[in-house]
Structures are given as C-alpha cells and as structure tokens.
Amino acid sequence: MKNLKRIIAVLLACVMCLSLFACGKDNGGDNNKTDAAVTEQQSGSGDNETPAETTGGEGETSGILMPEEMDKSTINSIIPGKIEVDGTDFVVDGEKVFMNGANTPWDKWNDFGGSFSSSFWERHFAELHEAGINAVRVWISCNGDVGISIKDDGYVVAAMPKHWKDLDSLFKAAEENGIYLMATLMSFDHFKDSNKKYASWRAMLDDEAAMDSYINNYVIPFCKRYDSYDSLWSIDLCNEPDWINENDECGKIPWTKLCTLFAKEAAAIHENSDILVTIGFGMIKYNSTKYSGNYGSDKFLQGRYDSELAYLDFYSTHFYEWEAPWYGFPFDKDPVSFGLDGTKPAVLGEFPATGMTSQTSGSKDMTPSECYTSVYDNGWNGIFAWTSNGVDDCGSLEDFIDGAKEVASKEAAK
C-alpha cells in the first residue's frame with residue numbers, strides 16, 4: 001500500500017508539472033505579422049513559462065525571483081558614462097552630449113520574451129555605432145501580450161524569465177557597441193481592442209492597487225536590474241498615450257487615469273534608480289500649454305500623485321507631417337518656439353526617416369539628413385528617426401545616415 005501511494009504521488013507530481021508548463025506558454029502574436037512569424041513566436045521556449053504566483057496582502061501580488069543576472073565582468077562596455085540632466089542639457093561627466101539617435105523599436109514584434117534574436121541586435125547596434133548614432137529607442141513591450149503576466153483584473157504578477165534573459169542580451173549588446181537605450185515600457189497598443197490582453201491593461205488603469213502591482217512587480221524590478229548599466233539612459237513610460245485618450249479602439253481613457261499611472265511610475269523610478277524618465281507624446285498638443293495642456297508637466301503629474309519625485313526629466317514629443325497645419329513645424333524652431341516650456345531638455349522622439357515634404361500645409365521640403373542637422377543647430381537635445389531598421393514604410397538608416405554622421409562630426413569637433 002505504501003509503495004502504491006508513493007507511485008500515485010509521483011505520477012500526480014509529473015502531471016502537475018506538465019500542466020504548468022503547457023498552460024504557462026505566453027503565445028504572443030500580432031495581427032500585423034505573417035502567420036509564419038506568429039507560429040514562430042508561439043513556439044517560444046521553455047524559459048517563457050508563467051511564473052509561480054505568490055499572494056501578499058489583500059489585492060497584492062508578487063512574482064518569483066528573476067533569473068540570475070548576467071555577469072557584468074563578461075561585458076566589454078564602451079559606454080562613456082551615465083547620462084544626467086544639468087539644467088536643460090544632457091551631460092556625461094559634466095560634458096554636454098547630444099542624443100544623436102534613432103528608433104529601433106523592434107526586430108520582431110514583442111521581441112523580449114518572444115522571438116528574440118541576439119544576433120540582430122548585436123549586428124544592428126554595431127552598424128548604428130559606425131554611423132555615428134549614440135542612442136536608440138527600443139520598445140521593451142510592444143502590446144503587452146508577451147513577456148508580462150497580467151491577470152484579468154489588471155494585476156501584474158511578474159515578467160517571464162525569458163523576458164529578463166532577452167533583455168540581458170539587449171543591454172550587453174548596447175554596452176559593447178556604445179549605444180544608449182531609451183526603454184519604452186508601454187504603448188497605446190497595449191489598450192487596442194485587437195490585442196488579446198487589452199481588457200486586462202484597461203482594467204489596470206481602473207484600479208490604483210493594480211497600477212501599484214505593475215510598478216512593484218515590473219517597473220521597479222526593471223530599474224533595479226538595469227540601473228547599473230550606463231547604457232540605460234532613460235525610460236519612456238508610454239509610446240503615444242495620446243491615442244489611448246482619443247481613440248475608441250484604445251478605450252478613450254481619461255488623462256487623469258493615464259497620468260496617475262505615469263506619476264506613480266516616475267516617482268518609483270526616481271526613488272529606485274538614477275534612470276531618466278520621459279513620455280513619448282504623439283503630438284505637441286498634449287505636451288504644451290499652448291494647445292490642450294502639458295500632461296507631462298511637474299504640476300499636472302504631482303497633482304495626480306502627491307510626490308516631489310513624480311516628474312519627467314526631459315520632454316520627448318513626436319512629429320509627423322499631418323500635424324504641421326495644427327501645431328507647426330519643429331525643424332526650423334527651437335523647443336520653446338515649437339511649444340515646449342523650456343524647463344527641461346527636449347528631444348524629437350519620432351519623425352519619419354524619409355524626411356519632410358511641402359505637400360502638407362505648414363511643412364517644408366527637407367531631406368532626412370537636413371532634419372538631423374537642423375534639429376541639432378536649433379538647440380534641441382536629441383533626435384530619433386522612425387526607424388533605423390525599416391519596420392514600416394517610413395524609411396530606414398540609409399535615408400538619414402549622412403545627417404547622423406554630420407551631427408556626430410559636429411559633436412566630436414566641439
């Protein structure tokens with residue numbers, strides 16, 4: 001009888017382990033990808049299982065320990081030092097620096113915890129470094145369907161072990177190729193009703209305790225794991241939250257809810273790291289009192305969360321030509337003339353890598369290379385073309401490489 005019980009116990013344990021593995025696969029996928037790409041991402045690996053969940057106090061969750069961190073002694077870093085803010089300038093060891101950047105938002109949609117390729121990032125970062133690029137904006141989570149465990153009620157449990165391992169490889173590649181990373185943690189895509197987890201992300205914004213679970217179980221662990229990497233110069237809290245507020249497909253969520261999350265995140269990041277914080281607004285419209293209000297101002301954020309740490313370190317507004325008739329043209333203006341308040345450094349976080357045309361009212365004919373040199377000469381603190389790797393029809397590195405090299409030469413000659 002004892003032997004029979006022992007055999008039954010062993011069989012039950014095996015069944016439980018298999019069930020956990022099968023149910024824990026984070027299948028990801030995106031409607032814009034080919035079926036083959038989705039199948040590749042869904043195949044995943046054993047590292048992508050759902051982490052075991054432990055429960056804290058009422059309404060609180062906490063994830064398992066993350067994988068062991070990468071041995072930094074194996075990284076041959078050529079990053080010159082940590083980026084800091086001095087007034088309205090970025091500095092490294094007291095010397096002003098211009099973020100001569102580009103967007104490489106993803107290789108494969110939802111790379112980190114999905115179909116990550118370390119060889120792509122190593123190769124592409126080396127190519128960008130050779131072109132004079134010193135900073136890259138990367139989407140750490142594209143739509144929230146992969147890599148992060150979030151419950152139906154909006155409570156975030158933890159990130160998957162594979163998510164962290166892939167990010168370790170990303171930061172190693174950045175350090176070894178002299179690339180500063182702007183890590184975009186979230187996008188309006190998280191809330192689009194075409195995504196499988198959109199309801200969970202919307203539910204998170206309806207409950208401050210759920211917001212806290214995202215911050216405590218993901219944002220803070222991210223900061224603590226990578227703060228020691230000088231390559232992590234900033235965190236972009238959300239890509240273009242404008243569309244979460246404006247579009248039906250994203251829920252038309254009020255700025256009060258969005259900015260409560262952003263304020264709590266900013267305070268947590270500042271409390272737990274030296275990483276700079278920004279928000280990638282899609283339009284100057286929401287980043288300026290000249291238009292609908294500056295939802296990234298210290299006053300507004302601290303009005304949503306009572307902490308002096310709830311602030312952005314710099315502004316990172318985006319621009320596409322359809323905006324010109326309403327909000328002007330940034331390439332012949334300094335940041336204040338374009339509508340920013342002049343209290344912080346300012347970068348142009350996105351613009352089409354193919355350049356500008358005069359076909360839109362208020363716009364002008366400018367090559368992408370002229371866009372780089374004009375932004376540099378007009379006193380901005382950085383520029384990031386969309387994209388360096390041609391993820392859509394807005395261009396790639398070959399379109400703006402001459403301008404990036406010219407800006408790099410100007411910086412070197414200072």
Side-chain angles (χ1 to χ4, degrees), residues 19-53 61 63-64 105-117 138-167 183-207 209-211 213-215 217-219 221-222 236-253 257-258 261 391-392:
S19 298
L20 283 171
F21 180 78
C23 293
K25 299 296 286 183
D26 194 331
N27 290 333
D30 178 69
N31 293 334
N32 296 324
K33 300 171 73 175
T34 64
D35 290 341
V38 171
T39 300
E40 178 185 5
Q41 181 168 310
Q42 288 178 338
S43 66
S45 84
D47 287 331
N48 204 17
E49 65 259 16
T50 302
E53 180 185 335
T61 59
I64 61 171
W106 57 82
D107 167 31
K108 301 178 180 69
W109 184 259
N110 281 324
D111 293 70
F112 309 108
S115 298
F116 175 77
S117 169
V138 178
W139 290 23
I140 304 303
S141 176
C142 289
N143 70 355
D145 279 356
V146 171
I148 299 174
S149 177
I150 184 170
K151 298 163 68 176
D152 290 346
D153 60 5
Y155 280 76
V156 171
V157 179
M160 309 301 182
K162 186 177 185 301
H163 181 77
W164 297 121
K165 290 182 180 179
D166 292 345
L167 287 174
T184 300
L185 297 189
M186 180 182 285
S187 175
F188 67 86
D189 298 89
H190 285 60
F191 304 89
K192 288 174 68 173
D193 53 25
S194 58
N195 296 323
K196 65 183 182 181
K197 295 184 181 180
Y198 81 93
S200 296
W201 291 104
R202 291 189 194 177
M204 189 259 285
L205 291 179
D206 284 331
D207 183 346
M211 294 182 194
S213 74
Y214 171 66
I215 293 166
N217 296 333
Y218 183 67
V219 177
F222 181 91
D236 175 5
L237 300 178
C238 187
N239 171 67
E240 300 187 351
D242 321 50
W243 311 124
I244 308 172
N245 172 258
E246 289 198 358
N247 290 357
D248 287 332
E249 67 174 351
C250 295
K252 297 189 77 170
I253 295 170
K257 290 184 179 182
L258 288 167
L261 173 65
V391 301
D392 52 27

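Values reported hereafter were calculated over all heavy atoms of this structure, with side chains retained and with hydrogens, waters and symmetry mates removed.
- The distance from the OG1 atom of Thr184 to the CG atom of Asn239 is 6.0 Å, given to the nearest 0.5 Å.
- Taking Glu249 as the reference, nothing meets the salt bridge (Lys or Arg N to Asp or Glu O under 4.0 Å) condition, with sequence neighbours excluded.
- For Asp236, the salt bridge (Lys or Arg N to Asp or Glu O under 4.0 Å) partners are Arg137, not counting sequence neighbours.
- Checked by atom type and distance alone, the side chain of Ser141 never pairs as donor or acceptor with a backbone atom of Met186 at under 3.5 Å.
- Although no hydrogens or angles enter the test, the distance criterion places no donor-acceptor pair under 3.5 Å between the side chain of Asn245 and the main chain of Lys252.
- Between Leu205 and Met211, the shortest heavy-atom contact is O-CE, 3.4 Å.
- Rounded to the nearest 0.5 Å, atoms CD1 (Ile244) and CG (Asp189) are 9.0 Å apart.
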Do Phe188 and Asn247 pass the side chain to side chain contact (heavy atoms under 4.5 Å, CB included) test, and can you show the C-alpha distance, the side-chain angles, and the key distance before you say yes or no? CA-CA 10 Å; Phe188 67 86; Asn247 290 357; 6.0 Å; no
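- Between the side chains of Asn217 and Tyr155, no donor N or O sits under 3.5 Å from an acceptor N or O.
- Ring geometry for Trp139 against Trp106 counts as perpendicular: the plane angle is over 60°, on a 0 to 90° scale with 30° as the lower cut.
- Trp243 and Cys250 get closest at one heavy-atom pair: O-CB, 3.5 Å.
- Listed here is the closest heavy atom pair of Cys142 and Ser187: O-CB, 3.7 Å.
- Trp201 meets the ring-ring contact (aromatic ring centres under 6.0 Å, His included) test with His190, Tyr214; sequence neighbours excluded.
- Of all heavy-atom pairs spanning Ala203 and Asp152, the tightest one is CB-O, 3.9 Å.
- The side chain to side chain contact (heavy atoms under 4.5 Å, CB included) search around Asp206 returns Lys257, not counting sequence neighbours.
- Using a 4.5 Å heavy-atom cutoff, the side chains of Met160 and Ser149 are in contact.
- Considering only residues two or more places apart in sequence or on other chains, Asp242 meets the side chain to side chain contact (heavy atoms under 4.5 Å, CB included) condition with Glu240, Phe281, Met283, Tyr286.
- Between the CG atom in Leu185 and the CD1 atom in Ile215 there is a gap of 11.0 Å [rounded to 0.5 Å].
- Ile140 has its side chain within reach of His163: a pair of non-hydrogen atoms, C-beta onward, lies under 4.5 Å apart.
- The line from CZ of Phe112 to CG of Leu167 is 5.5 Å long, rounded to the nearest 0.5 Å.
- No side-chain heavy atom of Tyr198 sits less than 4.5 Å from a side-chain heavy atom of Lys192.
- For the pair Gly154 and Ala210, the tightest heavy-atom approach, listed with the atom from each and the gap, is O-CB, 3.5 Å.
- Panel note: side chain Lys162, backbone Gly114; a donor-acceptor pair is recorded below 3.5 Å.
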Subject >> From CA spacing to verdict: side chain to side chain contact (heavy atoms under 4.5 Å, CB included), Asp153, Asp207 >> reply: CA-CA 9 Å; Asp153 60 5; Asp207 183 346; over 6 Å; no
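- With values rounded to the nearest 0.5 angstrom, Asn143 atom CG is found 8.5 Å from Lys196 atom NZ.
- Annotation: side chain to side chain contact (heavy atoms under 4.5 Å, CB included) contacts of Asp107 (sequence neighbours excluded): Asp111, Ser117, Phe120, Trp121.
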